[in-house]
Amino acid sequence: MARIAEEDGITTIVSTPHFRPNDENTDLVAIHERIYAGVEMLNHELKERGIAVEVLNGAEIAMSEKLPELADRDLLPTLGDGKHILVELPIATWAAYAEQVLFELQVRGYTPVIAHFERLASAPVREIKPEDLVARGMKIQVNCESLQGKRGRDVAKLATRLLKQGLVHALGSDAHDPVDAPPLLTPCRRAVERAGGRGTFERLTGASAAEIVGRG
Ligand SMILES: [Fe+2]
């Protein structure tokens, strides 16, 4: 997968394994440790093999009422070295506490980046307005596959609208494996530029992403 990414022109990957505080029998301390140790091991391996890709720590943190407390215990994996965290809002149910939790995370110095916001297009209730989140200092991430129509028309439409309104701060490959979900971004370059205007792809994969991982 790293070789595929390298071929695509990707130099840095933020690894975002699921981090689900509400799952029962989950040892979050162990998972937190495993994420950081795993990324270190992987980078060592990539260097050994001469693959010019660096992997940064991160996680896709599921929305939970426990997040502020976990933040206080320093257990939320950040995206790279900064204070941005990738937060996934529930799609199937409306979490009434979500906005309060996001606010409490901001109070603690974190900048929530909402994971694949466009997928909320298929949510039964959509109470959170993306423009409000951004106005309050949060960021929005969109998946490439959504722009390519792989998650249906409504999702593609919302992704396009977010880009048009300038509400997107980062792109995700949603890479899971080398065949069905490879780590590629250039396949959605055209769709990104068409919706967001020229230079959008460059900005989202460059300066905007660098700022999120604390290298801006
Ligand atoms: Fe997700």
Side-chain angles (χ1 to χ4, degrees), residues 1 5 10 12-24 26 28 31-32 34-35 38-39 55-67 70-71 75-80 84-95 97-99 101-102 105 110-128 130 133-134 138-163 167-185 187-188 191-192 204-205 208-209 212-213:
M1 287 174 77
I10 292 167
T12 311
I13 294 176
V14 188
S15 120
T16 55
H18 289 290
F19 188 84
R20 296 172 166 143
N22 288 347
D23 281 5
E24 272 171 60
T26 310
L28 292 173
I31 291 177
H32 188 271
R34 222 197 303 156
I35 287 173
V39 164
V55 178
L56 303 181
N57 52 266
E60 184 177 13
I61 303 167
M63 175 49 70
S64 153
E65 285 172 284
K66 297 176 190 159
L67 296 188
L70 292 171
L75 280 178
L76 296 182
T78 57
L79 299 169
H84 286 71
I85 45 173
L86 187 68
V87 180
E88 178 172 37
L89 297 176
I91 291 174
T93 54
W94 163 240
Y97 54 82
E99 288 193 77
V101 168
L102 290 171
L105 291 170
Y110 289 94
T111 302
V113 179
I114 310 301
H116 47 66
F117 188 95
E118 75 282 4
R119 277 171 56 183
L120 290 172
S122 48
V125 210
R126 205 170 353 125
E127 299 270 351
I128 295 189
L133 294 177
V134 174
M138 285 176 256
K139 297 188 178 180
I140 286 176
Q141 177 262 316
V142 156
N143 279 349
C144 257
E145 52 157 23
S146 299
L147 286 158
Q148 294 170 286
K150 291 182 185 169
R151 292 267 172 183
R153 238 167 133 194
D154 293 345
V155 171
K157 242 169 96 181
L158 181 52
T160 305
R161 199 198 96 196
L162 291 168
L163 278 165
L167 296 172
V168 181
H169 304 81
L171 297 174
S173 66
D174 200 28
H176 278 74
D177 62 70
V179 182
D180 294 321
L184 299 171
L185 288 177
C188 74
V192 170
L204 294 180
T205 57
S208 183
I212 287 173
V213 298

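Values in this document were obtained by computation on a predicted structure and should not be read as measured data. Whatever order the structure lists ligands and atoms in, that order sets their numbers, starting from 1.
Counted by atom type alone, His116 and Glu145 present zero donor-acceptor pairs between their side chains at under 3.5 Å.
For the Fe ion (ligand 1), the N/O/S atoms of Asp174 include none lying under 2.8 Å. Among the atoms of His116, an N, O or S atom falls under 2.8 Å of the Fe ion (ligand 1).
Minimum heavy-atom separation, Val14 to Asn57: CG1-O, 3.6 Å.
Formation of a donor-acceptor pair under 3.5 Å by the Lys139 side chain with backbone atoms of His169 is not found in this model.
Sorting the N, O or S atoms of Glu88 by how far they are from the Fe ion (ligand 1) puts OE2 first. Closest N/O/S atom of Glu60 to the Fe ion (ligand 1): OE2.
Of the inter-residue distances, the one linking Thr16 atom OG1 with Ile61 atom CD1 reads 10.0 Å to the nearest 0.5 angstrom.
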